[in-house]
Participant: 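One structure, pasted below without further comment.
Residue numbering restarts at 1 for every chain, and letters A, B, ... go by the order of the sequence lines.
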Amino acid sequence: MAVYTDVLCPFCGCICDDIVVEVGEDGKITKVKGACAIGRSKIMGHDRMESPAIREDGELRDCSYDEAIKRAAEILADARRPLLYGWSSTVCETDRAGVELAVEIGAIIDNTASVCHGPSILAIQDVGLPSCTLGQIRNRADIVIYWGSNPVFAHPNHMKRYSYLSKGRFTPGGKKDRKMVVVDVRETKSAKLADLFVKVRPGGDFLVFSALRAILRGHEDVVPDEVAGVEKKDLLSLAEMIKNANFIITFFGMGVTHSGARHNNIANAIEFTRAAHLHTKATIMPMRGHYNVNGFNQVCTWLLGYPFSIDLSQGYPWYNPGETGAVDVLVHGECDAALIISSDPASHFPADAVRHLARIPVIQIDPYPNPTTEFADVVIPSAICGVEAEGSVYRMDSVPLRVRKIVDSKFMADEEIIRRILEEVRAIKEKEGE
Amino acid sequence: MGGVRVILISGRTLEQGTNLENKLSDEYMNATAVCELSERELEKLGLKGDGTERVRVRTSAGEIVVAAKKGEGYPEGVAFIPMGPWANAVVNGNTKGSGMPFFKGIEAEIEPTDDEIPSIYDLMRRYKE
Ligand code: SF4
């Protein structure tokens, strides 16, 4: 039996790096220690897609990697407006190859940020982001605010490892040295653990941020007695807590990006952080979901100048989420083929978008079957990054880390699959050019 | 029996996350084909909310049948479906130029029903039609 320590968990944006994995004689993982339930289930693995396959007469027929890759390349080379989507549960090296493929075929390339923290990115482009690393939070933060975020469910080890429950240099007492505030529309499990729970009316976050900004900037007289279901006295006591703190972090989640004013919500959250800066040190960070959703945004920004939802059909990068986002091009019926990698739009996109996806040729690259497989025309199983393949990833605080290969696998790695599709596409184009 | 009007939100749960890469399983369906409602709403609908009864959720985007369950900590007039294919069956694809669909804050009507919950395969088949 082999024991691997300090393994990184390839599931959520926390990328916990203190996991212990035991591997049996047969090369199979037998035990995972230190990960949360979600991370453990990911690392342990389960029902995989066993073979590459191509759909014929409505049924998936097993085939070789060569055949599946060739068919995928034909579909993409034929398409006039292909969409390349997913890219968040794979490593940066795959994303880089994906960008090359997108440039080659003039595709729209987008990642899951467009249905997650896309609005956060838009806001950050507008007003910047006074942020920090998770290490700083662990060592310094004495007020931890989770706003529209339910870490107990979505990032289960986040509190223990980086925030409220962790012990750091200036917070040796752990939660005794900190206060946790949860702002949400419902009393979540996380809210139950908080020292202060602020219940906001659905869609009312923007107003609450505005009210807090006003109070922190000394204009409490303009704040009415009640703001989006929150009493003024509660806002005043929260502002007082903030003023007296040494280091504040606001983690925000999809409760803020998915509702009401979306990117304006986030811009206002960042302005609230700035207002808190008049009194003390304040920082803010998006709770990124997939472990490398941030990495794709980083890779695209270096290579194309924009973080997501990029249209390369004109021969240069064009960025206009709302026009070039994956959901938009599907709902508008624009794209005529899609490559989906490490993602499941059939489950996570609205019905109208899924309906179009079901109509067009779909190539799926994933370790696991999922609802998208139900209408994929080419299925290419892949190795699990961080367990069976290594690579670079970016944690939610934009710290780059390297996930490891722990066990061998018969499956091809994502990067190789994309590179081989790219080679095939180039070969087809060359032939056509002759 | 009459229905109730609610604001619908979708989001993550632990069970949804644990089965995220196991979406064709019964566990995933049990975890995500549910609508959590406050006690007040359940009362109005005449339901117990023990997970054995079903409701039809209708929005401008479509309708879906899911199990009804009592949720804790919900204010009156707010209902929750874990993110996933059942929730998205009633999410509108119009992003209003923002690129991001409205996954939360959806106006919905909920009524009790005896109809079956569609399986993941049924759901996907519907899209293919
Ligand atoms: S919190 Fe996230 S990164 Fe950490 S073990 Fe759980 S799933 Fe993995």
Side-chain angles (χ1 to χ4, degrees), chain A residues 12 37-38 41-42 46-47 114-115 118-119 122 150 152-154 156 185-189 191-192 199 201-203 229 254-255 257-260 262-263 289 309 321-325 327-328 330-331 344 346-355 357-359 367-371 373-375, chain B residues 6-25 28 32 36 38 59 61-62 64 71-75 77-78 80 82-106 120-121 123-129:
Chain A
C12 84
I38 308 180
S41 131
K42 165 103 197 221
H46 43 77
D47 320 272
S114 70
V115 290
L122 298 184
N150 187 9
V152 170
F153 281 174
V185 297
R186 62 194 168 114
E187 194 179 4
T188 57
K189 280 256 159 57
K192 291 209 169 76
K199 191 182 260 147
R201 217 174 30 230
M254 288 186 287
T257 65
H258 274 178
S259 60
R262 11 302 264 318
H263 55 284
S309 296
E323 178 201 346
T324 57
V327 170
D328 297 291
L330 285 169
V331 169
D344 179 21
S347 296
H348 293 143
F349 278 7
D352 288 343
V354 183
R355 221 163 272 128
L357 200 61
R359 279 198 285 263
Y368 304 106
N370 59 37
T373 319
E374 287 304 297
F375 41 71
Chain B
V6 295
I7 295 293
L8 184 68
I9 51 181
S10 66
R12 293 198 181 117
T13 69
L14 194 62
E15 292 76 23
Q16 169 262 330
T18 321
N19 291 298
L20 196 58
E21 287 175 344
N22 202 12
K23 291 212 194 78
L24 302 172
S25 66
Y28 184 71
T32 55
E36 295 184 15
S38 78
T59 71
I64 189 77
E72 272 173 44
Y74 294 97
V78 175
F80 176 88
M83 62 189 246
W86 286 272
N88 282 322
V90 293
V91 172
N92 201 306
N94 186 348
T95 74
K96 302 202 174 150
S98 72
M100 168 74 90
F102 288 74
F103 290 108
K104 293 182 166 67
I106 309 160
I120 186 75
Y121 298 103
L123 257 184
M124 293 302 134
R125 211 166 298 133
R126 263 201 224 171
Y127 289 131
K128 283 196 235 171
E129 275 157 15

Participant: What part of A:P371 gets within 4.5 angstrom of chain B, counting heavy atoms only: side chain, backbone, both, or neither?
Facilitator: both
Participant: Side chain from CB out, backbone as N, CA, C, O: work out which of these in A:P156 comes under 4.5 Å of a heavy atom of chain B, or both, or neither.
Facilitator: side chain
Participant: Are the side chains of B:N22 and A:D47 in touch, meaning some heavy atoms are under 4.5 Å apart?
Facilitator: yes
Participant: A quick test of your reading: do over 12 heavy atoms of other residues, nucleotides or ligands sit less than 6.0 Å from NZ of B:K128?
Facilitator: yes
Participant: Taking side chain as everything from C-beta outward and backbone as N, CA, C, O, which of these in A:A346 sits under 4.5 Å from a heavy atom of chain B? Side chain, backbone, both or neither.
Facilitator: both
Participant: Where does A:S41 contact chain B at under 4.5 Å (heavy atoms): side chain, backbone, both or neither?
Facilitator: side chain
Participant: Where does A:V115 contact chain B at under 4.5 Å (heavy atoms): side chain, backbone, both or neither?
Facilitator: both
Participant: Under a 4.5 Å heavy-atom cutoff, which of A:K42, A:H263, A:R359 has the most pairs with chain B?
Facilitator: A:K42
Participant: Nearest 0.5 Å please: distance from the CG atom of B:L123 over to the CD atom of A:E374.
Facilitator: 10.5 Å
Participant: Can you tell me how far apart OG (B:S38) and CZ (A:R186) are? Round to the nearest 0.5 Å.
Facilitator: 13.0 Å
Participant: Is there a donor-acceptor pair under 3.5 Å between the side chain of A:R262 and the backbone N or O of B:M100?
Facilitator: yes
Participant: Please classify the contact of A:V185 with chain B as side chain, backbone, both or neither, using a heavy-atom distance under 4.5 Å.
Facilitator: both
Participant: Tell me, yes or no, whether the heavy-atom count around A:K199 atom NZ, taken from other residues, nucleotides or ligands under 6.0 Å, exceeds 12.
Facilitator: yes
Participant: Checking heavy atoms, do the side chain of A:K192, its backbone, both or neither come under 4.5 Å from chain B?
Facilitator: side chain
Participant: Check B:I7 against A:P202 and note the closest heavy-atom contact, atom names and distance.
Facilitator: CG2-CB, 4.1 Å
Participant: Calculate, to the nearest 0.5 Å, the distance between atoms OG1 and NZ belonging to A:T257 and B:K104 respectively.
Facilitator: 6.5 Å
Participant: What's the separation between atom CE in A:M254 and atom CZ in B:F103, rounded to the nearest 0.5 Å?
Facilitator: 9.0 Å
Participant: Does B:K23 use its side chain to pair, donor to acceptor, with the backbone of A:Y368 at less than 3.5 Å?
Facilitator: no
Participant: For each of A:G325, A:A358, A:C12, A:S347, tally heavy-atom pairs with chain B at distances under 4.5 Å, and name the one with the top tally.
Facilitator: A:S347
Participant: Please identify, among A:A353, A:A154, A:P367, A:S309, the residue contributing the most non-hydrogen atom pairs under 4.5 Å to chain B.
Facilitator: A:A154
Participant: To the closest 0.5 Å, what do you measure between CD (A:E323) and OG1 (B:T95)?
Facilitator: 10.5 Å
Participant: What part of B:A61 gets closer than 4.5 Å to chain A, counting heavy atoms only: side chain, backbone, both or neither?
Facilitator: neither
Participant: Please tell me if the side chains of A:V354 and B:N88 come closer than 4.5 Å, counting only heavy atoms from C-beta onward.
Facilitator: no
Participant: Taking every heavy-atom pair that is under 4.5 Å apart, which of A:T373, A:L330, A:N370, A:D352 has the most such pairs with chain B?
Facilitator: A:N370
Participant: Applying ring-ring contact (aromatic ring centres under 6.0 Å, His included), can you list everything that pairs with A:H348, at least two apart in sequence or on another chain?
Facilitator: none
